[in-house]
Amino acid sequence: MQWETVIGLEVHVQLATKSKIFSGASTTFGAAPNTQACAIDLAMPGTLPVVNEQALRYAIMFGLAINAEINQRSVFDRKNYFYPDLPKGYQTTQLDHPIVGPGVVEIPLSDGSHKSVRIHHAHLEEDAGKSLHDDFHGMSGIDLNRAGTPLIEIVSEPDMRNAEEAIAFAKKLHAIVTSLGISDGEMAQGSMRFDVNVSVRPKGQNEYGTRTETKNLNSFRFMEKAIALEVARQIDLIEDGGSVKQETRLYNGDTGEARSMRSKEEANDYRYFPCPDLLPVEIDDAVIQELRDNLPELPDAKAARFIARYGLSDYDAELLSSDRATAEYYETVVKACDDSKLAANWVSGELSARLNADETSIAHSPVTAPQLAGLIVRIKDNTISGKIAKQVFEAMWNREGDADTIIESKGLKQMSDSGELEAIVDQVLADNPDVVEQYRAADDKKRKKLLGGFMGPIMKATKGQANPGMVNQILVKKLNT
Amino acid sequence: MAIDKAEIEKIAILSRLKISDQEASELSDRLGDILAMVDTMQAVDTSGIEPMANPLDASQRLRADTVTETDQRERFQQIAPATEDGLYLVPKVIE
C-alpha cells in the first residue's frame, strides 16, 4: 500500500528578553544553578507575577511577520501538572485566547517551488526548570534558572507531508525569529525546541490516522531522523495488523532510538483554567502599528535584496539570509573585501562546513567577519592562491592570528617573481620532453589538458605557492616558441 | 453532581497526593457538596454572555524588561530539605 505522512509541529522559541516573563530575574544562559531563580520563579507564597512588556512585544512581532491576526485581548491560563522542575504545580500559558491568531509561513522546497504552511496560533508561556538525572544519592537535581523564561509556542496545522517539508518549515521559523531579533536561535542551548506530531494514512484517504507526538527535538538533524523512525514504525505496525496508539514519545539523539513516554489518556488531564493572578492583557492599536512600522527586514525580503544587490544565486541568497547572524556576518565581509561572490563562496562553503563540523554557530566562529574579509583581500590581490587560502583559513580557525600574520609567519606568499618562476618552468619542461612533444603536436582542446598536466609538478616544486595565472602565461609562452 | 471515589483517586494521583481510603470517601462527600452548589449556579441562563477571565474589570499592568532580582540562592536553600552543588534535590524522577 502507498502511505502518506502527515506532520504538524509545535515549536517552542525562547524569547531574547533580559528578564523572565513574570519576574525580574535574569535569563542569561549558563549561570550557576538556581542563582537566577527568584521568589516568584520558585512559587514562594505571597508572590505575584507581572507580565514582561518586551515578551509581549516580541510575540506580536512574530505574529506580524507571519501576517497573523494579533489578538488585542489575550488571557493567561494555568496548565496543571506535577513535575519537580515546575515549582508552582502549573505552567502559566495561554489556551483559548492566545496573543497570535492564525497565520501563514511560506517554505521553499528542493524542487524550487514553495508551499504554504498554516499556523494555527502562537501563544506566550513560561519555560520550566531543568531536571538533572545524574545520581545525587538516588535523587534528582533541580536547576530552576530556566523556570519562567519567556517562550512563544508556535502551533502549525498538519500541513507537512514529509520530513523535508518539516525541516524547511523549522528552518524558516528559525530564520524569521532570528531576523526579528526576538530569539537568539541557539539550538544547542535549547532556544528552539520542536515537538513533532506524526501520523500516516493510506494515500488518497481524507481522514487523518492516529498521531503520536515526539517531544523536545533540539536539532534539524534529530528532527529528520526522529520523523523517519516514527513513520517507519507506524507503517510497520499497521501493516502487521496492529494500530497506532496515541502517545508521547522521546527520541534519544545519542542512540538514535525512540521510546514511548506516557500514553495521553492516562496521565494528561491538565485542568486548564484562567490564571486568577493575571488580568487579561490588552494591547493598543498604536503599539501594534509602531511594531509593524519598525519590523526588521524579514528573510524573504533579505534574500531578494541579496540577489538584486550582490548578484547571488537563489541558493546562496536563501542560505545567507537564513538567519540574522549569518546575514550580518556576510554583509560585514562583503563591505570589507568588496567581493560579494567570493564572500558568498567562503561563508556558505569553507566557513559553514567548519561550523557544522565543530557543531558551533556563526556567532561563536573563531574566524570573525573582518578576519575572513582580510583573507579574501589577499586572494584578490594575488598574494595567495585559493588553495593556499584554505590553509590560511585553517590556521585562522585555530586562532593563530589574522591572514596577513599567518601568510607572513608561514611564508605562504604566492611566488610572483617571473625570473624565479621561469627557471622552475624551464626545469619541469626539461624533465618532461615527451609531454612537450605531445603538446606541440596537439590541437587546442588537447593542449589545454596537457598544460594542466604541467601544473602539478610546478606547484609541487613551489610548495603550492606559484601564482597559477603567471605560471600559465609562462608555460604558454615557452611551449609556443 | 456527585463525585465518586475513583474520580477522587485520579485527582490525587495527578496532584501526587497520598490519601487514605477514609479520606477519599470524606473528600467525595465534601467535594460533592461544592459541586452541588455549582449545579445550582449552572441553572442560571448564561446564554449570550461571554465568560470572564477575571472578576476584576481591569487589564494587566506590564513591567519593563529589566533585571531587578539579585541572587538569593543561599537564603532560599536554607529552607529546602536537600540541596547539593546549588541544586535542589528531589526524589528521583525519570519518565
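Convention: sequence-line order gives letters A, B, ...; per-chain numbering from 1.
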What are the residues of residues 32-45 of chain A, in order of number, with any heavy atom under 4.5 angstrom from a heavy atom of chain B?
A:A32, A:P33, A:N34, A:T35, A:A37, A:C38, A:A39, A:L42, A:M44

On a heavy-atom basis, the closest approach of A:V75 and B:A53 is CG1-CB, 3.6 Å

Pairwise distance OG1(B:T68) to NZ(A:K20) - rounded to 0.5 angstrom
11.5 Å

Let's test your reading of the structure: which of B:E69, B:R73, B:R63 forms the most heavy-atom pairs below 4.5 Å with chain A?
B:R63

Heavy-atom pair of closest approach, residues A:V281 and B:Q60:
CG2-CB, 3.9 Å

Counting heavy-atom pairs under 4.5 Å with chain B, the top scorer among A:F136, A:F82, A:F273 is A:F82

Go through the steps for B:D65 and A:R57 under the test salt bridge (charged side-chain N to carboxylate O under 4.0 Å, His left out), then give the verdict.
CA-CA 11 Å; B:D65 181 28; A:R57 294 170 68 93; over 6 Å; no

Under a 4.5 Å heavy-atom cut-off, does chain A meet the side chain of B:T66, its backbone, both or neither?
backbone

Pairwise distance CZ(B:R16) to OH(A:Y83) - rounded to 0.5 angstrom:
9.5 Å

Is the closest side-chain heavy-atom distance between A:M139 and B:V90 below 4.5 Å?
no

Indicate the atoms forming the closest heavy-atom contact of B:K92 with A:S140, along with that distance.
CA-OG, 3.5 Å

Would you name the heavy atoms of B:L62 and A:V50 that are closest together and state the gap between them?
C-CG1, 4.2 Å

Measure from the side-chain N and O atoms of A:D143 to the backbone N and O of B:L87, and report whether any donor-acceptor pair falls under 3.5 Å.
no

Heavy-atom closest pair, residues B:L89 and A:G141:
CD2-CA, 3.8 Å

With respect to chain B, which residue among A:I21, A:T27, A:N52 yields the maximal number of heavy-atom pairs within a distance under 4.5 Å?
A:N52

On a heavy-atom basis, which atom in B:N54 and which in A:P280 lie closest, and how many Å separate them?
CB-CD, 4.1 Å

